[in-house]
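This report refers to the structure that appears directly beneath it.
All values below were derived from every heavy atom in this structure, side-chain atoms included, with hydrogens, water molecules and symmetry-related copies excluded. Here the structure is a predicted model, which is why all the values come from computation and not from measurement. Counting from 1, the numbers follow the sequence of the chain as shown.
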Amino acid sequence: MSNEIEKVTVIGSGCAGLTAALYTARAQLKPVVLTGAMPGGLLTTTSVVENFPGWPEGIDGTELMIKLQQQAERFGAEVRFGSEVEAVDFSQRPFKMVVDGEEMFTQTLIIASGAGHRHLGLESEKKLDKKGVTYCATCDGALPMFRDQPLVVVGGGDSACEEATYLTRFARKVYLVHRRNELRASKVMAARALNHEKIEPVWDSEITEILGESEDKVMGVRLKNNKTNDESVIDCAGVFIAIGHVPNTQIFQGQIDMDEEGYIIRKKNSQTSVEGVFVSGDCSDKVYRQAITAAGMGCAAAIEAERLLASENQ
């Protein structure tokens, strides 16, 4: 990687990052997009996206991201697949980053690094990861180990309901375990899950242990009822965890203002505490967390980066 100074660099290639790339590319700023280890972001783990405008029949999440990428590339965006940002220095412009072990410089930066899956934090969860514990039904639900087996989904939001509903295609039965006595998902998603004959809700309960370490595969879960403290066991072949996300912002610690949960704080519009660094998408949004709002934020960040560079005659 050369020491050429880029005008715009985008960290992340989800809806926010690729929309930012599209707008800055159309402004002839030749943005560079660093995809990280997961090109396309979490939306690529969604089988059918039904709420993105313009797709009345829905669209596969991966297909949508490929189309956004192609659209940005059409106008001159450069997408560097697999490129990981290892460190940043925001003390002066141009900003310095370490990408795949080499230095890279940029006049403006749009952070669209998204968020990752939140874990239960159990030792058994860690030991049985990829051995029946998973965080993506659309990625793993069709695996032979899960077919015609009872499965557990943990969570109460839209993602959990979508995962549970999707798994009914393969599972014999799906237990939807939630720590409260009602779902926080949208009415449409909740009704779809609760009215499905294969889905059984398990209310007011949390997993205290995932069973199967000695067998080296998931055999069941141990539950504790939050109201009665009673314990029970559900036999299952897989545990699909859908309890939210953690912002992918660790590398920016100490360089930029964040809240206590690690979400980047927007000072004004898309601007951060560092002039020239903008933010968009799920790494700064814990309210909406939708593909369309991420895209809108990517657009806003791109326009602000363009205006800053124009004011500096760059």
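- Using a cutoff of 4.0 Å between basic side-chain nitrogens and carboxylate oxygens, E312 and R93 are scored as salt-bridged.
- Within 6.0 Å of atom NZ in K217, 12 or fewer heavy atoms from other residues, nucleotides or ligands are found, so the atom counts as exposed in its surroundings.
- Residue pairs meeting the side chain to side chain donor-acceptor pair (under 3.5 Å) criterion with at least one member in residues 18-35: none, sequence neighbours excluded.
- When each of Q71, E63, Q69 is checked for a side-chain contact (heavy atoms from CB on, under 4.5 Å) with K67, only E63 meets the rule.
- Using modelled atom types and a 3.5 Å distance limit, the side chains of D140 and T134 yield a donor-acceptor pair.
- With side-chain heavy atoms closer than 4.5 Å counting as contact, directly or through intermediates, M219 stands alone and belongs to no larger hydrophobic cluster.
- Salt-bridge annotation for E163 and R169: absent, with no side-chain N of the basic residue lying under 4.0 Å from a carboxylate O of the acidic one.
- Ionic pairing of K267 and D257 is present here: one or more N-O contacts between side-chain nitrogen and carboxylate oxygen are shorter than 4.0 angstrom.
- Here F75 pairs with nothing under the ring pair (Phe, Tyr, Trp, His ring centres under 6.0 Å) rule; sequence neighbours left out.
- Scanning all heavy atoms of the two residues, the minimum distance from I111 to C283 falls at O-SG, 3.8 Å.
- Side-chain contact between L42 and H117 is present, with heavy atoms from C-beta onward closer than 4.5 Å.
- Listed by chain and residue number, nothing satisfies the side chain to side chain donor-acceptor pair (under 3.5 Å) test with K224 (two or more places apart in sequence, or in another chain).
- In this structure the side chain of D204 never reaches within 4.5 angstrom of the side chain of R179, judged on heavy atoms.
- Of all heavy-atom pairs spanning F95 and T108, the tightest one is CE1-CA, 4.4 Å.
- Side-chain N or O atoms of S83 include none that pairs as donor or acceptor with a backbone N or O of G36 at under 3.5 Å.
- Contacts classified as ring pair (Phe, Tyr, Trp, His ring centres under 6.0 Å) and involving residues 248-291 (residues at least two apart or in different chains) are not found.
- In terms of hydrophobic clustering, with Ile, Leu, Val, Met, Phe, Trp and Tyr side chains grouped at heavy-atom distances under 4.5 Å, M297 and I303 are assigned to different clusters.
- With sequence neighbours left out, the disulfide (SG to SG under 2.5 Å) criterion links C136 to C139.
- With sequence neighbours excluded, the residues that form a ring pair (Phe, Tyr, Trp, His ring centres under 6.0 Å) with F240 are F146.
- With sequence neighbours excluded, no residue satisfies salt bridge (charged side-chain N to carboxylate O under 4.0 Å, His left out) with E86.
- Every residue two or more places apart in sequence or in another chain was checked for a side chain to side chain donor-acceptor pair (under 3.5 Å) with R184, and none qualifies.
- Checking each of E206, E213, E209 against R222 for a salt bridge (Lys or Arg N to Asp or Glu O under 4.0 Å) leaves exactly one that passes, namely E209.
- Other residues sharing a hydrophobic cluster with I243 under the 4.5 Å side-chain heavy-atom criterion for ILVMFWY residues are L120, L122, L128, V133, Y135, V152, V154, Y175, V177, V202, I207, I210, V218, V221, L223, I234, V239, I241.
- Residues meeting the salt bridge (charged side-chain N to carboxylate O under 4.0 Å, His left out) test with E231, sequence neighbours left out: none.
- Residues R266 and S284 bring a donor and an acceptor atom of their side chains to less than 3.5 Å of each other.
- Remark: R80 does not engage D100 in a salt bridge, criterion side-chain N to carboxylate O under 4.0 Å.
- Annotation for M189: hydrophobic cluster partners, listed by chain and number, are none (ILVMFWY side-chain heavy atoms under 4.5 Å, direct or chained).
- Note: the hydrophobic cluster containing L143 also contains V153 (ILVMFWY, side chain heavy atoms under 4.5 Å, direct or indirect links).
- Of the possible polar contacts, one joining the H196 side chain to the K198 backbone as a donor-acceptor pair under 3.5 Å is found.
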